[in-house]
Amino acid sequence: RGTDPEQLSRTLRGELDWVVMKCLEKSPGRRYQSPASLETDVERFLLGEAVEAVPPSLGYRMSKFARRNRALVGSVVAIVIALSAGLASAAYGLYRAETANAELTKTNTKLGEALDEVTRQEKVARREAARSGAFASFFIDDVLGAAGPRDSDGEDLTMAEVLDRTVSKVELIEDASVRADVEYRIGFIYSMLSRTTESYDLLSRAVAYMESDPSTLPDSYARALIHLGHQSQKLARDNFGIEYFRRAREVFAGAFGPSDSRTLSTACRLADAMWMTGAQVEAAKLLEDAIAELDRVQPPGSETPEQLVALEIFARVCLVPQGRTQERYATTLRCVEAAERLDSPDSDLAYYLERFADAANLAGKPEEALRAIERALEIDIRVHGADSVQAATRMCGLATTLLRVKRGDESEAIARDAVDIFERKLGIRSEGTVAAIATLGMTLGSLKKWEEAAVELGRAADDYEDL
């Protein structure tokens with residue numbers, strides 16, 4: 001009785017409310033099942049223990065609410081489902097939009113890169129066209145003009161003399177790229193005419209410009225380096241051109257990949273130069289690895305022109321010093337057969353035929369060697385003419401081969417013809433002329449014409465010192 005009504009209300013509220021509400025539940029299953037269970041729950045309350053009666057759960061209340069308001073709940077559920085579907089659709093649409101936007105960005109980037117490449121190629125094409133036009137104009141006006149009646153004073157000039165008169169005009173070309181292109185082309189022609197020093201000088205200048213010109217195509221730059229390396233080998237300069245071949249290999253590898261035939265064949269050229277410096281072990285390893293990779297990429301029967309270059313170097317540099325004459329014979333024969341299958345340029349086929357002739361001679365098959373060198377000479381005469389430097393070069397090889405098959409008189413006649421062509425075309429101041437005179441001297445010695453042989457060999461030695 002002394003209890004405050006408000007405090008009494010707080011005391012009775014709670015668990016005692018739950019007991020009362022459980023007695024009043026509409027659902028029989030949720031009421032006390034017997035008076036005894038009600039009495040037990042009241043005793044628990046009085047003892048401060050947890051009672052069985054608890055307030056209705058949220059799920060229960062919601063289920064009761066749903067039964068009482070079926071129409072309202074159904075409408076709400078439908079709205080929620082519709083909203084969920086809409087949100088899912090919107091989320092998927094947003095994902096698709098973001099994906100499409102990413103793809104569009106990627107496509108735009110590729111298109112931009114492609115457009116840049118097309119623009120670059122267009123600039124290169126225009127520049128090459130302008131360069132070719134300028135070279136054609138220079139060739140007609142200055143190269144051919146030098147052989148004309150006005151500049152030649154009516155003389156019948158050789159190709160070497162025409163080039164000599166032309167070189168002095170190269171420095172007058174204002175466009176540096178055109179000047180470098182002219183230097184490169186004339187340098188290459190000089191190399192074909194055995195004018196190695198002049199070729200080296202012009203190629204060096206052309207390569208120096210290419211290095212500074214960002215528009216230079218990798219393939220053109222690498223090939224210029226290779227030509228310069230070859231002239232360095234002939235002159236025993238710049239460590240036999242090792243650095244030029246090394247740079248050419250790096251350029252090819254960067255542009256076309258380390259397993260490209262151009263990269264691997266240049267590795268063989270590098271090995272050739274290394275061999276000349278005395279690094280035979282390293283050169284042989286580089287050659288063996290390059291040839292193995294080439295055969296993996298391009299197995300026998302599917303060779304590329306660059307692979308044939310590598311095989312020829314391998315046969316000459318590795319197989320000859322090791323006395324593997326039969327293997328060299330088979331390798332050079334493979335080069336000839338592949339060159340025929342590839343329909344290689346006539347000059348290339350003639351070169352491989354001459355290499356095969358050398359290998360056949362060493363393998364004790366002089367008749368096969370003779371047929372090969374005669375065929376090479378036929379190609380040179382057909383392509384360049386019987387009075388050409390190329391034909392004269394091949395005639396020296398034929399003269400040597402004829403000695404092996406005991407046809408000495410024919411050998412002497414052909415060697416004399418070769419000397420005559422070289423002297424008329426290139427003059428005495430030429431490595432080709434000196435080599436032809438030396439061949440004649442050795443031929444005369446083989447025929448036991450000692451006095452004549454001594455004269456020719458002495459002339460060759462004197463002319464070589466004057467080069």
Side-chain angles (χ1 to χ4, degrees), residues 123-147 151 157-252 254-255 262 266 269-270 272-273 276 389 426-427 429-432 466-467:
K123 289 181 179 178
V124 170
R126 288 178 179 175
R127 186 166 187 176
E128 288 299 314
R131 184 180 296 174
S132 297
F135 178 80
S137 177
F138 176 82
F139 182 81
I140 293 172
D141 296 340
D142 295 281
V143 179
L144 297 183
D151 291 340
L157 301 178
T158 65
M159 173 60 79
E161 290 170 333
V162 171
L163 291 178
D164 290 342
R165 296 188 180 198
T166 303
V167 167
S168 62
K169 301 178 182 179
V170 173
E171 291 296 331
L172 301 178
I173 301 175
E174 295 182 359
D175 189 319
S177 64
V178 175
R179 185 169 61 250
D181 190 43
V182 171
E183 289 170 339
Y184 171 70
R185 299 189 193 209
I186 295 179
F188 179 73
I189 296 173
Y190 265 136
S191 72
M192 300 296 290
L193 297 175
S194 299
R195 296 284 294 277
T196 308
T197 301
E198 292 86 346
S199 174
Y200 173 88
D201 291 341
L202 288 171
L203 289 173
S204 296
R205 282 147 54 180
V207 165
Y209 174 79
M210 289 180 176
E211 289 175 345
S212 64
D213 184 3
S215 69
T216 300
L217 298 176
D219 187 76
S220 299
Y221 176 47
R223 293 190 185 282
L225 284 167
I226 289 172
H227 288 311
L228 180 56
H230 285 157
Q231 305 318 304
S232 300
Q233 282 183 303
K234 293 177 183 178
L235 296 170
R237 291 183 183 176
D238 304 334
N239 203 22
F240 292 91
I242 283 180
E243 186 58 31
Y244 301 130
F245 293 121
R246 195 187 310 279
R247 280 155 56 192
R249 182 177 65 161
E250 291 172 356
V251 172
F252 277 137
R262 285 161 289 195
T266 307
R269 298 180 197 271
L270 172 61
D272 189 13
M276 293 180 178
V389 171
L426 301 181
R429 186 170 166 267
S430 164
E431 291 181 0
D466 293 337
L467 290 178

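Side chains included, hydrogens not; waters and symmetry mates left out as well; all remaining heavy atoms used. Here the structure is a predicted model, which means the values were calculated and not measured.
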Results of ring pair (Phe, Tyr, Trp, His ring centres under 6.0 Å) for His227 - residues two or more places apart only: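 Checked His227 against ring pair (Phe, Tyr, Trp, His ring centres under 6.0 Å); matches are Tyr184, Phe188.
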The criterion is salt bridge (charged side-chain N to carboxylate O under 4.0 Å, His left out); which residues satisfy it with [X], sequence neighbours excluded?
| X | result |
| --- | --- |
| Glu250 | none |
| Arg195 | Asp164, Glu198 |
| Arg223 | Asp219, Glu306 |

Side chain of [X], backbone of [Y]: donor and acceptor closer than 3.5 Å?
| X | Y | value |
| --- | --- | --- |
| Ser199 | Gly187 | yes |
| Thr266 | Arg262 | yes |
| Asn239 | Gly241 | no |
| Asp238 | Phe240 | no |

Who are the side-chain hydrogen bond (donor to acceptor under 3.5 Å, both in side chains) partners of Glu183, not counting sequence neighbours?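 side-chain hydrogen bond (donor to acceptor under 3.5 Å, both in side chains) check on Glu183 returns Arg205.
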For Ser204, what residues pass the side-chain hydrogen bond (donor to acceptor under 3.5 Å, both in side chains) criterion, not counting sequence neighbours?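 Testing Ser204 for side-chain hydrogen bond (donor to acceptor under 3.5 Å, both in side chains), a comparison that skips the adjacent residues, returns none.
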Cation-pi check, Arg237 to Tyr200: give yes when NZ or CZ is under 6.0 Å from the six-membered ring centre and within 45° of the ring axis, no otherwise.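 Yes; both conditions hold, so Arg237 lies above the ring face of Tyr200.
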Decide, yes or no, whether a salt bridge links Arg185 with Asp181 under the criterion of side-chain N to carboxylate O below 4.0 Å.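 Yes.
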Would you confirm whether the ring centroid of Phe245 sits within less than 6.0 angstrom of the ring centroid of His230?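 They qualify: ring centres under 6.0 Å apart.
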